[in-house]
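Any value given below was found using the heavy atoms of this structure, including those in side chains, with hydrogens, waters and symmetry copies removed.
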Amino acid sequence: MCGIVGYVGTRATDTVLLSGLWKLEYRGYDSSGVAVISDGEIHMKKAVGKLKVLADILDKEPLSGSVGIGHTRWATHGEPSAENAHPQMDCSNTIAVVHNGIIENYLSLKEKLVKEKHLFRSFTDSEVIPHLIEKYYKGNLLKAVRLAMNDIEGSYAFAVISTKEPNKIICCKKDVPLIIGIGKNENLISSDTFAVLGLTRKIIFLEDYDICVVTNDKISIFDKDDKEVERKPSRVNGKMIEADKGEFPHFMLKEIYEQPKVAEKSIKRRINHNENFNPFDLAVSEGEFAKTSRVIIQACGTSWHAGYVGKYLLEKFCRVHTEIDISSEFRYRNPVLSGETLVMAISQSGETADTIAGIREAKLAFLKVLSIVNVMGSTVARESDDAIYIHAGPEIGVASTKAYTSQLIALNLFSLYFSKLKWLIKEDELTAKLKEIELIPKKMQQILDKSDEILEIAKRFHRARNFIFLGRGVNYPSALEGALKLKEISYIHATGYPAGEMKHGPIALIDEHLPVVCITPKSSVYAKMISNMEEVKARKGKIIAIATEGDKEVKNVADEVFYIPDCPESLSPILVALPLQLLAYHIAVLRGLDVDKPRNLAKSVTVE
């Protein structure tokens, strides 16, 4: 959600900024802009829509200079427009600011500034920042930025350039990620390490209330007490993967098809039959895990659905009381946090604002936090006691696919590891379950090999206005995830329900026009699911079933059936995810929609 880049150096600044913005495109945005200092003035270009619009403008009218900032905006305050796009300027056009976050007291600040004759040009909360800096500037930009920070309530990361001190960028953060990329005779800032990897792998992660002065040859960081501090650089060793769709029409489809390989690599990394089963190199001791009597999983969106599956797995294999919480609720519901409790945070980006706040809530209660995350060095990973990395690689499509199935694999392995520590699983049983996990990539590929069957189902139902997804047990979260995927990219209203709850209200929606996706693999609740499908059929609902190969009974009830390979019940959500992803994808394509960048959505939600 929003992306910041900044550059000080000798390269073509507008090109560096645009390159960084391209790499942040996955975060979601609706407008973009860059500002560069040249010949004593700030020169700025902004555009609404895709980055290509801004790129075309810069191609015709390049901006020269050695200091610049850029931004991709996801609208919160004020609609997408050139006026509301960043950078935002002060009255005299000598200060430019890019901002990620939300300024909660911007209205009161704006009212005061307007009374002081400041002229506002946008409807954004962000515009108060350059005006505050302008107000406080008395020959020292660093001091003016600090005074502005002191006035602001909310979450923010922002970067400032000024013609009054033209050779530097000043940036700061609170509750929103911001990093410094260290180069040779050049330095960068960004919301995300991914944006700077082409130029450097040496990164400084700023801490809350840090304020940083960046020139081409020096980085000075001051803490909340204005004391200059050292922040130890980290070396990011992740692969630089270019945003290339290859032979696929969309990143989402590419990432769906990457899942077997991603799963295979992840499983091989974690399972070694020649050694004692210990799939994770964790700092939290085995003894601390073993005495855990309660687990709280907190996450958002698709990661929450993965966590919901994790609840079933931990209770089944580990016999440990497990709660699942949406992070935005967990942080505000005053949860009871005591005893031998482990808090697990799950996040694809590692920068999800509510999930980070949940981690801090747990740490205040002196609880251990274990995160499951994709991005090494992310805020979630750094603020947790330990992290399990899913190694899914960058996910460009906004709708999560390979990160979700990678989270499910990690949760399956963790639940078995936890069970072993608690002496609840025998060695031969553990070996058998690990061998089943090793078969998952091949079974995922078998599903993808017959994806045309899903396309035919999509052709039949892509004009539907509503969908219901039903599941039970460990596949109730699969119903939630299937509905979310369809909503995200096709804009069709879809709702996931536990199938047993259907009779308590949702059954009133069923008629001959309503498609109902029934997740019905062979499982401990299979007979119950068949009964629920009969109830849908009796009311003329159109049933799309996901079932286990060889199941003839389900074919007698459903209008359409897609078969997945046989697997243990605990692993079925991994296989079920693929046809649900493909169904959403093909329906969205058939409706002529932008699959990779659905409206109003951001990949990384870094504000509340």
Asks: Could you walk me through whether Phe414 and Leu370 pass side chain to side chain contact (heavy atoms under 4.5 Å, CB included), step by step?
Replies: CA-CA 11 Å; Phe414 178 72; Leu370 174 66; 3.6 Å; yes
Asks: Quick one: pull up OG1 in Thr352 and CH2 in Trp304 and give me the separation to the nearest 0.5 Å.
Replies: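 Taking OG1 in Thr352 and CH2 in Trp304, the distance rounds to 15.0 Å.
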Asks: Checking salt bridge (Lys or Arg N to Asp or Glu O under 4.0 Å) against Lys173, which of Asp210, Asp223, Asp208 comes through?
Replies: Asp208
Asks: How far apart are the C-alpha atoms of Glu79 and Phe123, what are their side-chain angles, what is the distance that settles it, and do they pass the side chain to side chain contact (heavy atoms under 4.5 Å, CB included) test?
Replies: CA-CA 8 Å; Glu79 66 182 20; Phe123 293 95; over 6 Å; no
Asks: Name the one of Cys300, Ser303, Ser347 that satisfies side-chain contact (heavy atoms from CB on, under 4.5 Å) with Ser327?
Replies: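 The residue from Cys300, Ser303, Ser347 that satisfies side-chain contact (heavy atoms from CB on, under 4.5 Å) with Ser327 turns out to be Cys300.
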Asks: Does the side chain of Val67 reach to within under 4.5 Å of the side chain of Lys168, using non-hydrogen atoms?
Replies: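 Val67 vs Lys168: side chains apart.
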Asks: Without swapping roles, check the side chain of Asn374 against the backbone of Gly393 for a donor-acceptor pair under 3.5 Å.
Replies: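 Side chain of Asn374 to backbone of Gly393: a pair is present.
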Asks: Would you say that Met89 contacts Arg121 through its side chain, given a criterion of any heavy-atom pair below 4.5 Å between the two side chains?
Replies: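 The answer is yes; the side chains approach within 4.5 Å.
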Asks: Taking the inter-plane angle between the rings of His391 and Tyr389 on a 0 to 90° scale, is it parallel (under 30°), tilted (30 to 60°) or perpendicular (over 60°)?
Replies: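 Judged by the thresholds at 30° and 60°, the geometry between His391 and Tyr389 is tilted.
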Asks: Can we say Asp596 and Lys245 salt-bridge, meaning some charged N sits less than 4.0 Å from an Asp/Glu carboxylate O?
Replies: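 Lys245 and Asp596: not salt-bridged.
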Asks: Does the side-chain hydrogen bond (donor to acceptor under 3.5 Å, both in side chains) test come out yes or no for Glu351 and Ser378, once each step is laid out?
Replies: CA-CA 6 Å; Glu351 303 296 349; Ser378 60; 4.9 Å; no
Asks: If you draw a 6.0 Å radius around NZ in Lys112, do more than 12 non-hydrogen atoms from other residues or ligands fall strictly inside?
Replies: no
Asks: Asp325 pairs by side chain to side chain donor-acceptor pair (under 3.5 Å) with which of Gln298, Arg331, Arg333?
Replies: Arg333
Asks: Crowded around Lys363 NZ? As in, over 12 foreign heavy atoms under 6.0 Å?
Replies: yes
Asks: Taking the side chain as every heavy atom from C-beta outward, state whether Tyr137 and Glu165 have any pair of such atoms under 4.5 Å apart.
Replies: yes
Asks: Take Leu411 and Ile346 through the test side chain to side chain contact (heavy atoms under 4.5 Å, CB included) and record every step on the way to the result.
Replies: CA-CA 10 Å; Leu411 285 161; Ile346 306 177; 4.2 Å; yes
Asks: Any non-hydrogen side-chain atom of Leu206 less than 4.5 Å from a side-chain atom of Ile180?
Replies: yes
Asks: Please check: side-chain N/O of Lys138 versus main-chain N/O of Lys135, any donor-acceptor pairing under 3.5 Å?
Replies: yes
Asks: Around atom CZ of Phe222, are there more than 12 heavy atoms of other residues, nucleotides or ligands at under 6.0 Å?
Replies: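 Above 12, so yes.
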Asks: For the CD atom on Glu228, are there more than 12 heavy atoms of other groups (residues, nucleotides or ligands in this structure) within a distance under 6.0 Å?
Replies: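 Atom CD in Glu228 is crowded, with more than 12 foreign heavy atoms closer than 6.0 Å.
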Asks: Looking at side-chain heavy atoms only, is the closest gap between Met344 and Val295 below 4.5 Å?
Replies: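 Yes, side chains in contact.
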Asks: Does the pair Lys52 and Asp56 meet the rule for a salt bridge (Lys or Arg N to Asp or Glu O under 4.0 Å), with working shown?
Replies: CA-CA 6 Å; Lys52 188 178 184 310; Asp56 288 343; 3.1 Å; yes
Asks: From Ile296 CD1 over to Leu337 CG, what is the distance, rounded to the nearest 0.5 angstrom?
Replies: 5.0 Å
Asks: Show your reasoning for whether salt bridge (Lys or Arg N to Asp or Glu O under 4.0 Å) applies to Asp30 and Arg599.
Replies: CA-CA 9 Å; Asp30 43 51; Arg599 68 188 183 201; over 6 Å; no
Asks: Check Leu21 against Gly70 and note the closest heavy-atom contact, atom names and distance.
Replies: CD2-C, 3.9 Å
Asks: Just to verify, what does Glu488 make a side-chain hydrogen bond (donor to acceptor under 3.5 Å, both in side chains) with, not counting sequence neighbours?
Replies: Lys485
Asks: If every non-hydrogen atom of Phe330 is compared with every non-hydrogen atom of Glu361, which pair is closest and at what distance?
Replies: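 Minimum heavy-atom contact is CE2-CB, 4.3 Å.
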Asks: Counting C-beta onward and ignoring hydrogens, is there a side-chain heavy-atom pair between Asp354 and Ile326 closer than 4.5 Å?
Replies: no
Asks: Do Lys402 and Glu395 pass the salt bridge (Lys or Arg N to Asp or Glu O under 4.0 Å) test, and can you show the C-alpha distance, the side-chain angles, and the key distance before you say yes or no?
Replies: CA-CA 8 Å; Lys402 62 179 180 175; Glu395 210 177 42; over 6 Å; no
Asks: Are Gln259 and Thr405 close enough, and set up right, to give a side-chain hydrogen bond (donor to acceptor under 3.5 Å, both in side chains), and what steps lead you there?
Replies: CA-CA 7 Å; Gln259 288 175 109; Thr405 50; 2.8 Å; yes
Asks: Do any side-chain atoms of residues 39-51 form donor-acceptor pairs under 3.5 angstrom with protein atoms, and if so which ones, sequence neighbours left out?
Replies:
from	atom 1	to	atom 2	distance (Å)
His43	NE2	Ser38	O	3.3
Lys45	NZ	Glu61	OE1	2.7
Lys46	NZ	Ala82	O	3.2
Lys46	NZ	Ala85	O	2.9
Lys46	NZ	Pro87	O	3.1
Lys50	NZ	Asp594	OD2	3.4

Asks: Could you walk me through whether Glu186 and Arg11 pass salt bridge (Lys or Arg N to Asp or Glu O under 4.0 Å), step by step?
Replies: CA-CA 8 Å; Glu186 62 183 0; Arg11 300 175 193 258; 2.7 Å; yes
Asks: Just by distance, do the side chain of Ser122 and the backbone of Thr124 share a donor-acceptor pair under 3.5 Å?
Replies: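 Checked: pair present.
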Asks: Looking at every non-hydrogen atom in both residues, tell me the closest pair between Thr302 and Leu484 and how far apart they are.
Replies: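 Reported closest heavy-atom pair: OG1-CD2, 3.6 Å.
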Asks: How close do Arg270 and Ile388 get, heavy atom to heavy atom, and via which atoms?
Replies: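 That closest heavy-atom pairing would be NH2-CG2, 4.0 Å.
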Asks: For Ile219 and Cys212, which heavy atoms make the closest approach, and how far apart are they?
Replies: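 Smallest heavy-atom distance, with atoms named: CG2-SG, 3.5 Å.
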Asks: Would you call Ile133 and Asp90 a side-chain contact if the rule is heavy atoms closer than 4.5 Å?
Replies: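 No, every pair of side-chain atoms sits at 4.5 Å or beyond.
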Asks: For the aromatic rings, using the six-membered ring if either is Trp, is the centroid distance between Tyr404 and His305 under 6.0 Å?
Replies: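 For Tyr404 and His305, the ring centres are not under 6.0 Å apart.
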Asks: If the plane angle is over 60° it's perpendicular, under 30° parallel, otherwise tilted; pick one for His86 and His71.
Replies: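 Answer is parallel, since the angle falls under 30°.
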Asks: Decide side chain to side chain contact (heavy atoms under 4.5 Å, CB included) for Ile256 and Phe248; before the verdict, give the C-alpha distance in whole Å, the side-chain angles of both, and the deciding distance to 0.1 Å.
Replies: CA-CA 10 Å; Ile256 290 171; Phe248 294 93; over 6 Å; no
Asks: Please table the atom pairs, donor to acceptor, closer than 3.5 Å between any side-chain atom in residues 188-200 and protein atoms at least two apart or in another chain.
Replies:
from	atom 1	to	atom 2	distance (Å)
Ser190	OG	Ile4	O	3.3
Ser190	OG	Asp192	N	3.1
Ser190	OG	Asp192	O	3.0
Ser191	OG	Ile4	N	2.8
Asp192	OD1	Phe194	N	2.9
Asp192	OD2	Tyr26	OH	2.0
Thr200	OG1	Ile182	O	2.5
Thr200	OG1	Lys202	N	3.0

Asks: To the closest 0.5 Å, what do you measure between NZ (Lys368) and CZ (Phe289)?
Replies: 9.5 Å
Asks: Is the closest side-chain heavy-atom distance between Glu207 and Val229 below 4.5 Å?
Replies: no
Asks: Please give me the minimum heavy-atom distance between Cys172 and Leu178, naming the atom from each residue.
Replies: O-CD2, 3.6 Å
Asks: For the atom pair CD (Glu127) and CG (Asn84), what is the distance rounded to the nearest 0.5 Å?
Replies: 8.5 Å
